[in-house]
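Residue numbers start at 1 and run along the sequence shown. Values below: every heavy atom of this structure, side chains too, minus hydrogens, waters and symmetry copies.
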Amino acid sequence: MSTAILTGPPAPGSSLDGDLRSLGFDVRIASGTEEARVLLAAVPAGERVALVDPRFVGHLHALRLALTDPRFPAAAAPGALTAQWEARPALARALETVSTTAGATGNGTLTDAHGLTDSLAEALDADGVAVHRPQLGTLVATVPTDAEARHAARAAVDAVDDEAVRLRSAVKAHDGFFTTFFISPYSRYIARWCARRGLTPNQVTTASLLTALIAAGCAATGVRGGYVAAGVLLIVSFVLDCTDGQLARYALKYSTMGAWLDATFDRAKEYAFYAGLALGAARNGDDVWALALGAMVLMTCRHVVDFSFNEANAESTGAAAKTSLALSSRLDSVGWTVWARRMIILPIGERWAMIAVLTAATSPRIVFWALIVGCAFGACYTTAGRVLRSLTRKAKRTDRAAQALADLADSGPLAGLAGRLFGRAGLQLLPGFVLALIATGVLLPAVLGRPFGDGGTVVAAAMYAIFAGAAVARPLKGALDWLVPPLFRAAEYTTVLVLAARSDAPQALPAAFGLVAAVAYHHYDTVYRIRGGTGAPPAWLVRVTGGHEGRTLLVTVLAALSATRGDDFTLALTALAVAVALVVLVESIRFWVSSGAPAVHDEGETA
């Protein structure tokens, strides 16, 4: 139970007391600021507390948005303010300061009609506590100062359907065409149905994962009926995947665990389905594991491009940023181009719809080729546009952005040693992007052109580690340095794919699929930690897992040692995959269930 303190008796006929109780607040009434201080001190330290102006007039959902969102330590709307436990001391200080203001009156408002709650919100901002102010759109939240204003406010409340706004706000902003027009029109009602039955977003997320795993199992049967069932279940899983976020926004049931599960399960569902398709094809004598792994590699590298570019430019402002977005703004002025640009990059909705339809109607090989072609086109389109923007913009990269790129690079001990030893040998005169390009250009031709297990590949991997270390030896602040992490991902994943495909060891490709999946999880985990503002995983984790250059060199050494020893390469890849998966999963779970894990903000459409 949370506590709401009304800073005076509510107006006659007001539903404010009942509205607050319906939101889970125990309502207390203070006769003025001094009594409000006493009531605030009496609330148990770990509870949320809200202060509400008794003159407040507005929608129930406006109060819900302002007072019950768990993601923010403090939040406010006109006439209403809330503080969670971490902001309670600052609120007490603000209330003490405001209560001593000469203009304070006995009923808890200020003589200039500037409400107490608004003054407290300003005092919290001044004290360094960021006060979240939700975008209310057409929702009403106001503090009328006379009867005429109150009448007008109530008329404005009656003119807007509170529940319709709440449903509309549950839909995530800027979704793809398929999600917007084929899923969200009804999934929002599923979210409301779940909310009214007490279901949580995490339960819906888990149901989505289980549905996708069953779909993968159906695909693994290798029969047409199984493929049809797999396609249908994959769409059902995606509907539930949309519903969990809409339920979180509808009911304001956000949690750190929920954000982590949603991000993690999306990758698990898609890659499990790839594995199911590969197993189903194998039952019919068609080995498509290389295509499955290729699709996973391409998808992950494309996501890293997105993450790196966004982190590199997250703090860019001013004329440079506006100039870089000029073409996009002109295109957005033509309605159909917005949807066309969202569709051609094959976002998750379009991608899953394509996978589902092709799975039901064709074969796994066709599914994977369609994925590879579509994702390759989308990756080339987005990367080319970002390269052009990076070359034309003049904004300087911040230290925070450079650190984020260094964290995304996932450089291990070998890269650190190489950077110290060879960074002074004139290599640091070259931009990080150029050195990363050289490193990749040294490694991949050797992997692709030399026989499996050739010692020259090991030498190339060692040179890759040297140049990769030099690439990150100084801050990544160049115009194209955001390409460093994607280049490293492409080099590592492609090395594993090619060596597994060219070995004669049976089941080497499924083992490589598992290894890349484990490493990719580590890289996604790094992204979500950085997004939450907590920085990269601990340094010991990167050291234990070897960094991208250490794992790459190890895989080439394992290939050389097992070149003439049957299935030893499969066993080596499997052992490495299990070791990496155990270490990164244990640390990731420990972090995300801890109290220090970041909250992930995900706003819906503005009402």
Side-chain angles (χ1 to χ4, degrees), residues 170-188 190 205 208-209 211-212 215-216 219 227-228 230-246 262-263 265-274 276-277 291-292 294-307 309-310 328 331-332 334-386 520 524 602 604-605:
V171 177
K172 186 178 180 180
H174 308 303
D175 261 330
F177 180 85
F178 179 77
T179 304
T180 299
F181 294 103
F182 292 91
I183 304 296
S184 292
Y186 57 88
S187 61
R188 69 184 73 181
I190 300 175
T205 301
S208 176
L209 173 66
T211 304
Y227 288 148
V228 172
V232 172
L233 289 173
L234 190 64
I235 293 297
V236 173
S237 176
F238 183 66
V239 172
L240 293 174
D241 183 55
C242 295
T243 300
D244 63 1
Q246 291 167 359
D262 187 52
F265 285 2
D266 276 350
R267 303 284 75 77
K269 288 181 288 189
E270 190 162 4
Y271 297 159
F273 196 81
Y274 291 178
L277 285 173
L291 294 178
M296 183 167 68
V297 167
L298 184 58
M299 181 58 57
T300 305
C301 290
R302 172 187 156 184
H303 284 157
V304 175
V305 170
D306 296 339
F307 299 144
F309 181 81
N310 291 337
S328 296
L331 288 173
D332 285 345
V334 183
W336 66 268
T337 65
V338 177
W339 297 115
R341 291 165 61 215
R342 292 184 190 177
M343 291 174 66
I344 62 175
I345 63 173
L346 210 63
I348 187 170
E350 278 75 2
R351 189 167 70 250
W352 280 33
M354 182 187 74
I355 293 172
V357 171
L358 292 180
T359 297
T362 63
S363 67
R365 181 172 291 274
I366 293 176
V367 173
F368 286 127
W369 274 118
L371 267 174
I372 290 171
V373 171
C375 290
F377 177 81
C380 290
Y381 171 80
T382 56
T383 303
R386 287 165 177 169
Y524 280 110
D602 183 19
E605 287 282 2

If you measure from [atom1] on [X] to [atom2] on [Y], what distance do you get to the nearest 0.5 Å?
X: F265; Y: L240; atom1: CZ; atom2: CG; value: 13.0 Å
X: F309; Y: T382; atom1: CZ; atom2: OG1; value: 10.0 Å
X: M299; Y: R351; atom1: CE; atom2: CZ; value: 3.5 Å
X: I235; Y: I183; atom1: CD1; atom2: CD1; value: 6.0 Å
X: L234; Y: D241; atom1: CG; atom2: CG; value: 10.0 Å
X: H303; Y: C375; atom1: NE2; atom2: SG; value: 8.0 Å

### Query
Would you find a donor on one side and an acceptor on the other, under 3.5 Å apart, between the side chain of Q246 and the backbone of R188?
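Yes; at least one donor-acceptor contact below 3.5 Å.
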### Query
Short question: side chain of T383, backbone of C380 - any donor-acceptor pair under 3.5 Å?
no
### Task
Quick one: sort the F182 and F178 rings into parallel, tilted or perpendicular, breaks at 30° and 60°.
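It falls in the parallel class, under 30°.
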### Message
Angle between ring planes, F377 versus Y381, binned at 30° and 60°: parallel, tilted or perpendicular?
### Response
parallel
What is the minimum heavy-atom distance between [X] and [Y], and which atoms define it?
X: A219; Y: A230; result: N-CB, 3.7 Å
X: G349; Y: F238; result: CA-CZ, 3.4 Å
X: E350; Y: P347; result: OE1-CG, 3.0 Å
X: L298; Y: A376; result: CD2-N, 3.4 Å

### Message
I need the single residue from T179, I190, V171, I348 that forms a side chain to side chain contact (heavy atoms under 4.5 Å, CB included) with C242. Which is it?
### Response
T179
### Intermediate values then yes/no, side chain to side chain contact (heavy atoms under 4.5 Å, CB included), I345 and R302
CA-CA 10 Å; I345 63 173; R302 172 187 156 184; 3.7 Å; yes
### Task
Dump the intermediate steps for side chain to side chain contact (heavy atoms under 4.5 Å, CB included) on T205 and L209, then the final yes or no.
CA-CA 6 Å; T205 301; L209 173 66; 6.0 Å; no
### Query
Considering only heavy atoms from C-beta outward, does the side chain of F273 approach that of L233 to under 4.5 Å?
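No, side chains not in contact.
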### Query
So do Y227 and P364 actually touch side chain to side chain, heavy atoms under 4.5 Å?
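Yes, close enough: below the 4.5 Å cut-off.
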Just list the side-chain donor-acceptor pairs under 3.5 Å for residues 352-361, sequence neighbours left out, or say none.
from : atom 1 : to   : atom 2 : distance (Å)
T359 : OG1    : I355 : O      : 2.6

